[in-house]
J.: 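If you scroll down you'll find the structure; I have some questions about it.
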Amino acid sequence: MRLSLVIPTKNRPDEILRALESVYEHSPQIEEVIVVDQSAQPYALPERPHLVHLYRPELSGLTAARNAGIDASHGEIVLFLDDDCLFVNDVVAETLAVFDAHPGAVGVQSRLADRTYNPPPLSARIFEHGFFDVNSPGPDDDLRRTSGAGCAFRRTLFAHERFDDVGLRGYCYGEDYDFSLRARKYGKLVFAANAVVEHRPSAANRFDRRGSFETRWNNLNYLYAKHHARATLADRMWHAWWRLGETLQWLRFGLGLPPRGLSR
């Protein structure tokens, strides 16, 4: 199978060069790398084999960039990498090996290594349950969700599902959770333990606390409605419980009360 790598990026010139260096160092056989560049000024990328530079500053955010990368790619497998992530080993070969071993899988998730990782806070363990449990990946051979930092999907899936570039814009918090829930209708999501991606969080293009809280509030409420999670009494109760937890966090950090509607 042929694999295409798609890297959405915006205003992180140093990070994208580091990411590309790691890709070509560890997976020199890669057949297609597509950088979807939404920066204010286009990157000056080095000459690399099979590297496609799409300069698309008009795109509405991460999900739109992922879709643009899909449209420009040709591989039977499309692997997505965040611009502040690195290949630690031959992620391409390891990802393809897992797809070969699991013909019924529609998606594969790399193992993420994060030097700055902190476990979910106590508030998450108390208030995030049911639909709002966005941190539990599930068993390795049947993942509940993938992470956009290092996930791959069969091209055939994109005939049915695309990343949500209408309801989710900009930073697009929750886009990977949303896509995973829809992808699972067509097959399993599987963990690739030997495909290692390191996340080195960039300080560029980060929200302040209010921006982070507002995006999380807006997007998870939107996804709750989109996926009809209110159909069960349990998830209606978990929604109310999650909203209480979020409200307490807003008050704790002096942000007032969350908006009553979606502030889009």
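Index from 1, following the sequence. None of these values were measured; they are calculated from a predicted model.
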J.: For F179 and F163, take the angle between the two ring planes, folded into 0 to 90°, and tell me which bin it lands in: parallel under 30, tilted 30 to 60, perpendicular over 60.
T.: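 Rings of F179 and F163: parallel, under 30°.
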J.: Where the side chain of S22 meets the backbone of A19, is there a donor-acceptor pair that is under 3.5 Å apart?
T.: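 The answer is yes, because a donor-acceptor pair under 3.5 Å joins these two groups.
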J.: Under a 4.0 Å threshold between the charged nitrogen and the carboxylate oxygen, would D83 count as salt-bridged to K10?
T.: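 D83 and K10: not salt-bridged.
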J.: How about F132 and Y224: are their ring centroids closer than 6.0 Å?
T.: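 Here the rings of Y224 and F132 have centres that are less than 6.0 Å from each other.
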J.: Do V197 and V6 belong to the same hydrophobic cluster, where Ile, Leu, Val, Met, Phe, Trp and Tyr are linked whenever their side-chain heavy atoms lie under 4.5 Å apart, directly or via other members?
T.: no
J.: Find the distance between CD (E76) and OG (S4) and round it off to the nearest 0.5 Å.
T.: 8.0 Å
J.: Can a donor-acceptor pair be found, under 3.5 Å and without considering hydrogens, that links the side chain of R210 to the backbone of L255?
T.: yes
J.: Given side chains that start at C-beta, do those of H239 and R230 come closer than 4.5 Å, heavy atoms only?
T.: no
J.: Are any of the side-chain nitrogens in R216 or E214 under 4.0 Å away from the carboxylate oxygens of its partner?
T.: no
J.: For atom CE of M237, decide whether the heavy atoms of other residues, nucleotides or ligands shown that lie under 6.0 angstrom number more than 12.
T.: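 Count not over threshold, so no.
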J.: Give the intermediate values and the outcome of side chain to side chain contact (heavy atoms under 4.5 Å, CB included) for residues V23 and L5.
T.: CA-CA 9 Å; V23 168; L5 176 65; 3.7 Å; yes
J.: Kindly check if the number of other-residue, nucleotide or ligand heavy atoms within 6.0 Å of CD (Q29) is above 12?
T.: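 Enclosed: over 12 neighbouring heavy atoms sit under 6.0 Å from CD of Q29.
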J.: Taking all atoms of both residues into account, what is the closest heavy-atom pair of C85 and H199, and its distance?
T.: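 What the structure gives for the nearest pair is SG-CD2, 3.7 Å.
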J.: Can you check side chain to side chain contact (heavy atoms under 4.5 Å, CB included) on V92 and I77, steps first, answer last?
T.: CA-CA 10 Å; V92 171; I77 303 297; over 6 Å; no
J.: Please examine the side chains of N219 and L168, heavy atoms only from C-beta on, and report whether any two atoms are closer than 4.5 Å.
T.: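 A side-chain contact under 4.5 Å exists here.
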J.: Does OH belonging to Y171 count more than 12 external heavy atoms closer than 6.0 Å?
T.: no
J.: When I7 is tested against each of L20, I34, V36 for side chain to side chain contact (heavy atoms under 4.5 Å, CB included), which residue passes?
T.: L20
J.: Any side-chain heavy-atom pair from L3 and T95 closer than 4.5 angstrom?
T.: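 Yes. Closest side-chain heavy atoms under 4.5 Å.
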J.: Examine I126 and L248 and state if one hydrophobic cluster contains both, with Ile, Leu, Val, Met, Phe, Trp and Tyr joined whenever side-chain heavy atoms are less than 4.5 Å apart.
T.: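 Both belong to a single hydrophobic cluster.
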J.: Is the ring centre of H160 less than 6.0 Å from the ring centre of Y186?
T.: yes
J.: At what distance, to the nearest 0.5 angstrom, does CZ of R169 lie from CG of L59?
T.: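 Result: 10.5 Å between the selected atoms.
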J.: Sort out for me which residue in D176, D165, D82, D71 forms a salt bridge (Lys or Arg N to Asp or Glu O under 4.0 Å) with R66.
T.: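 With R66 as partner, salt bridge (Lys or Arg N to Asp or Glu O under 4.0 Å) holds for just one option, D82.
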J.: Before you tell me yes or no, could you show the steps for R56 and D37 under side chain to side chain contact (heavy atoms under 4.5 Å, CB included), namely the whole-Å CA-CA distance, both residues' side-chain angles and the distance that decides it to 0.1 Å?
T.: CA-CA 6 Å; R56 299 289 304 276; D37 179 4; over 6 Å; no
J.: Evaluate the criterion side-chain hydrogen bond (donor to acceptor under 3.5 Å, both in side chains) for residue pair N89 and E94; output intermediate values, then yes/no.
T.: CA-CA 9 Å; N89 61 358; E94 297 292 348; 4.9 Å; no
J.: Without swapping roles, check the side chain of R155 against the backbone of S73 for a donor-acceptor pair under 3.5 Å.
T.: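 Checked: pair present.
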J.: The test is side-chain hydrogen bond (donor to acceptor under 3.5 Å, both in side chains); show your working for Y43 and R12 and say whether it passes.
T.: CA-CA 9 Å; Y43 295 146; R12 290 178 175 175; over 6 Å; no
J.: Should L189 and F99 be counted in the same cluster of Ile, Leu, Val, Met, Phe, Trp and Tyr side chains packed under 4.5 Å apart?
T.: no
J.: With rounding to the nearest 0.5 angstrom, report the CG to CZ distance, L181 to R144.
T.: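 Between L181 CG and R144 CZ, I get 6.5 Å after rounding to 0.5 Å.
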J.: What about the rings of Y222 and Y173, do their centers lie closer together than 6.0 Å?
T.: no
J.: I'd like to know if the side chain of S39 and the backbone of N11 have a donor-acceptor N/O pair within less than 3.5 Å.
T.: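 Pair found, side chain donor or acceptor close to backbone of N11.
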J.: Determine, step by step, whether E31 and R2 satisfy the salt bridge (Lys or Arg N to Asp or Glu O under 4.0 Å) criterion, reporting the C-alpha distance in whole Å, the side-chain angles of both residues, the deciding distance to 0.1 Å, and the verdict.
T.: CA-CA 7 Å; E31 297 184 67; R2 185 181 182 189; 3.7 Å; yes
J.: Is the shortest side-chain heavy-atom distance between D114 and P201 below 4.5 Å?
T.: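 They are in contact (side-chain heavy atoms under 4.5 Å apart), so the answer is yes.
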J.: Do the side chains of V196 and V91 get nearer than 4.5 Å, heavy atoms only?
T.: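 With C-beta onward as the side chain, the pair stays apart.
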J.: CG/L143 to CD/Q109 distance, rounded to the nearest 0.5 angstrom?
T.: 7.0 Å
J.: Consider only side-chain heavy atoms of I, L, V, M, F, W and Y, link residues closer than 4.5 Å, and tell whether V108 and V33 are in one cluster.
T.: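 As far as the 4.5 Å side-chain criterion goes, V33 and V108 are connected within one cluster.
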J.: Could you go through D14 and R18, starting from their C-alpha distance and side-chain angles, then the distance that decides it, and tell me whether this counts as salt bridge (Lys or Arg N to Asp or Glu O under 4.0 Å)?
T.: CA-CA 6 Å; D14 294 334; R18 189 171 60 198; over 6 Å; no
J.: Are F253 and F213 an aromatic pair, judged by ring center distance below 6.0 Å?
T.: yes
J.: With rounding to the nearest 0.5 angstrom, report the CG to NZ distance, D164 to K226.
T.: 3.5 Å
J.: Verify whether the ring centers belonging to W242 and F127 lie closer than 6.0 Å.
T.: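 No; F127 has its ring centre 6.0 Å or more from that of W242.
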J.: Would you say D235's side chain and F131's backbone share a donor-acceptor pair under 3.5 angstrom?
T.: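 It does hold such a pair.
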J.: Any chance you could lay out the side chain to side chain contact (heavy atoms under 4.5 Å, CB included) test for F80 and F153, step after step, and finish with the verdict?
T.: CA-CA 9 Å; F80 297 96; F153 300 97; 4.0 Å; yes
J.: State, yes or no, whether a side-chain contact exists between F158 and V78 at a heavy-atom distance under 4.5 Å.
T.: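 Side-chain contact under 4.5 Å: yes.
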J.: When rounded to the nearest 0.5 angstrom, what is the spacing between CZ in R252 and OG1 in T247?
T.: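 The distance works out to 14.5 Å.
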J.: Apply side-chain hydrogen bond (donor to acceptor under 3.5 Å, both in side chains) to N221 and R243, showing your working.
T.: CA-CA 9 Å; N221 276 303; R243 288 170 66 96; 3.2 Å; yes
J.: Is atom CD of Q41 surrounded by more than 12 heavy atoms (other residues, nucleotides or ligands) closer than 6.0 Å?
T.: no
J.: Hey, is the main chain of R145 close enough, under 3.5 Å, to the side chain of S180 for a donor-acceptor pair?
T.: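 Checked: no pair found.
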J.: Any heavy-atom pair between the side chains of L257 and L251 that's under 4.5 Å?
T.: yes
J.: In terms of side-chain geometry, is the basic nitrogen of D84 or R200 positioned less than 4.0 Å from the acidic oxygen of its partner?
T.: no
J.: Closest approach of L51 and P46, non-hydrogen atoms and distance?
T.: CD2-O, 3.5 Å
J.: Kindly indicate, with the supporting measurements, whether the criterion side-chain hydrogen bond (donor to acceptor under 3.5 Å, both in side chains) is fulfilled by D141 and H102.
T.: CA-CA 9 Å; D141 62 346; H102 297 271; over 6 Å; no
J.: Report whether I70 and L157 are members of the same hydrophobic cluster (ILVMFWY, side-chain heavy atoms less than 4.5 Å apart, transitive linking).
T.: yes
J.: Quick one: does M1's side chain get under 4.5 Å of D100's, heavy atoms only?
T.: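 Yes. Closest side-chain heavy atoms under 4.5 Å.
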